[in-house]
Number of protein chains: 2
Amino acid sequence: MTMDGARGSAPATEMLAGTTGWLLHETARRVVAETEEALRGEGLRWRDYGVLGLLQAAGPLSQQEIGRRLGVDRSTMVHLIDALEERGLVERARDPADRRAYAVRLTGAGHALLADVLRPVTETVHDRLLGGLAAEDRAHLDRVLAHLADQGVIG
Amino acid sequence: MTMDGARGSAPATEMLAGTTGWLLHETARRVVAETEEALRGEGLRWRDYGVLGLLQAAGPLSQQEIGRRLGVDRSTMVHLIDALEERGLVERARDPADRRAYAVRLTGAGHALLADVLRPVTETVHDRLLGGLAAEDRAHLDRVLAHLADQGVIG
DNA sequence: TATTGTTATACTCTATAACTATA
DNA sequence: TATAGTTATAGAGTATAACAATA
């Protein structure tokens, strides 16, 4: 499984730039950049997409819990949710079980935006960047990443 | 209109949070965070590691070329290279072919830091986060990511 | 006493634009 | 005229710390 065609003398697997983490990060950076470019007209950033996608996947969550899963401080979450609420994409309801916390949830408009805009845009970008993979390679990539998520690598 | 049954019952692969880009980004974010945590004592960030690893992989490059490959503006590169040069990890030499540009290259100390610190730390973090994968799955992941890099998905 | 959300503030990061020296 | 590097500056993004309401 030696990689050849390397620049310079060392094989690519020997180089830091060939490590899994490096490749993961650079690939993800490209996906994020192109997704944000495609969403620029909507005035949405990757982080907004993250909040909406998380709420769709997990159901209503407190601001702090959203921040914990996305790696964002609770003080930063305030502005993020403010903006999404002003646009009518999410709403704050007090959590009856703990009245200090909100249960932030998607509105109908939030669900519609995900289905009608974010998902198509995401698919287009994915196809452009990952279209060069064989179908079974792409499926395997998804399976491996999902497995890592199930294992808690994504928290 | 939108008939979303996403709440609660949809399989994970149907949800935005299950898309390839999302999983790539969250996985990479975790790897970056843990690598930076492990390198905190060295006073190095992921970006520094990126510059050093790139120079190791590609040989001497101009500041602008480093920035282009890492997605960083040339004005930002100045401070980044300044800091690495002050630490003796890289050095600026004028490119004889174009005396406007530098040929930034690793010093001996830079090579040593990569070999003695950055690579072991990277391997430890990778093993902790990706150790739950079957060996063939991890190899396949590397192969798929490297293929994307070869295709120019990573610029 | 601890925790959620909030606010004010300060800090970090980054890009933009103007300048220099080379091309 | 165009480009690599530099500099100053402004803007975005973020976290830290203190405060209010609730646990």
Side-chain angles (χ1 to χ4, degrees), chain A residues 25-26 28-30 32-33 35-37 39-40 42-51 54-55 58-87 90-105, chain B residues 25-26 28-30 32-33 35-37 39-40 42-51 54-55 58-86 90-105 155:
Chain A
H25 181 255
E26 289 298 306
R29 188 172 65 79
R30 181 71 181 275
V32 170
T35 302
E36 290 208 325
E37 176 61 28
L39 289 177
R40 214 177 34 163
E42 299 289 331
L44 286 173
R45 304 294 305 271
W46 180 268
R47 178 68 38 94
D48 304 308
Y49 161 95
V51 172
L54 176 59
L55 291 177
L61 296 173
S62 73
Q63 294 183 184
Q64 188 149 262
E65 179 62 18
I66 297 170
R68 192 188 66 74
R69 300 206 200 183
L70 264 43
V72 176
D73 190 81
R74 57 182 183 168
S75 64
T76 303
M77 285 306 306
V78 176
H79 314 300
L80 202 45
I81 301 299
D82 278 352
L84 294 174
E85 191 178 38
E86 278 163 23
R87 294 188 53 170
V90 305
E91 57 191 4
R92 287 172 162 113
R94 280 290 172 191
D95 180 351
D98 183 346
R99 290 159 52 80
R100 293 171 302 183
Y102 287 126
V104 181
R105 65 182 176 220
Chain B
H25 181 255
E26 290 297 307
R29 188 172 65 78
R30 180 72 180 275
V32 170
T35 302
E36 290 207 326
E37 175 61 28
L39 290 177
R40 213 177 34 162
E42 299 289 331
L44 287 174
R45 305 293 305 272
W46 180 267
R47 176 74 34 96
D48 304 308
Y49 159 96
V51 172
L54 176 60
L55 291 176
L61 297 172
S62 71
Q63 294 183 183
Q64 189 150 267
E65 179 61 17
I66 298 170
R68 193 189 65 74
R69 299 206 199 185
L70 264 43
V72 176
D73 189 82
R74 58 183 182 166
S75 64
T76 303
M77 286 306 305
V78 177
H79 315 300
L80 203 43
I81 301 299
D82 279 351
L84 294 174
E85 191 177 40
E86 279 163 24
V90 304
E91 58 191 3
R92 288 172 162 111
R94 280 292 172 192
D95 180 351
D98 183 348
R99 290 160 51 80
R100 294 170 302 182
Y102 288 126
V104 181
R105 64 181 176 224

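First the proteins, then the strands, lettered A, B, ... as listed; each starts at 1.
Among the protein residues, B/D98 comes within range of the sugar-phosphate backbone only, with heavy atoms under 4.0 Å from sugar or phosphate atoms but none that close to a base. B/R45 comes within 4.0 angstrom of the backbone, heavy atoms only, and of no base. Contact annotation for A/R74: base contact, defined as any heavy-atom pair under 4.0 Å involving a base atom. Backbone-only contact: B/S62 has heavy atoms under 4.0 Å from sugar-phosphate atoms and none from a base.
Taking each heavy atom of A/R69 and A/A58 in turn, the nearest pair found is NH1-CB, 3.8 Å. The shortest non-hydrogen separation linking A/G71 to B/R29 is CA-NH1, 3.4 Å. Among all heavy-atom pairs drawn from B/V104 and B/L55, the shortest one is O-CD2, 3.5 Å.
When rounded to the nearest whole Å, the span between CG of B/D95 and P of C/dA21 equals 19 Å. One can place CE of A/M77 at 13 Å from C1' of C/dT6, the figure rounded to the nearest angstrom. The interatomic distance linking B/L80 (CG) with C/dC13 (P) rounds to 10 Å, in whole Å. Atom pair A/W46:CH2 and D/dT14:C1' shows a separation of 20 Å (rounding to whole Å applied). What separates CD of B/E65 from P of D/dT3 is a distance of 15 Å, to the nearest Å. Note: CD1 (B/I81) to P (C/dT14) measures 13 Å, nearest angstrom. For the pair A/Q64 CD and D/dA15 P, the interatomic distance rounds to 13 Å; values are reported in whole Å. What separates CG of B/L70 from P of C/dC13 is a distance of 15 Å, to the nearest Å.
Mapping A/V78 and B/P96 onto DNA chain C via the closest heavy atom, the residue that lands nearer the 5' end is A/V78. Where A/T76 and B/Q63 each meet DNA chain D at their nearest nucleotide, the meeting point lying more 5' is that of B/Q63. Both A/A101 and A/S75 sit near DNA chain C, but only A/A101 has its closest nucleotide nearer the 5' end.
An OP1 or OP2 oxygen of D/dT6 is reached within less than 4.0 angstrom by a side-chain nitrogen or oxygen of B/R92. For B/R100 and D/dA2, the shortest distance from a side-chain N or O to OP1 or OP2 is not below 4.0 Å.
Nearest to the side-chain atoms of B/V72 among the listed nucleotides C/dA15, D/dT14, D/dA23 stands C/dA15.
Of the candidates A/R94, A/R92, A/Q63, A/R94 is the only one forming a side-chain hydrogen bond (donor to acceptor under 3.5 Å, both in side chains) with A/Y102.
Side-chain contact between A/E36 and A/L44: absent, with no pair of heavy atoms (C-beta onward) separated by less than 4.5 Å.
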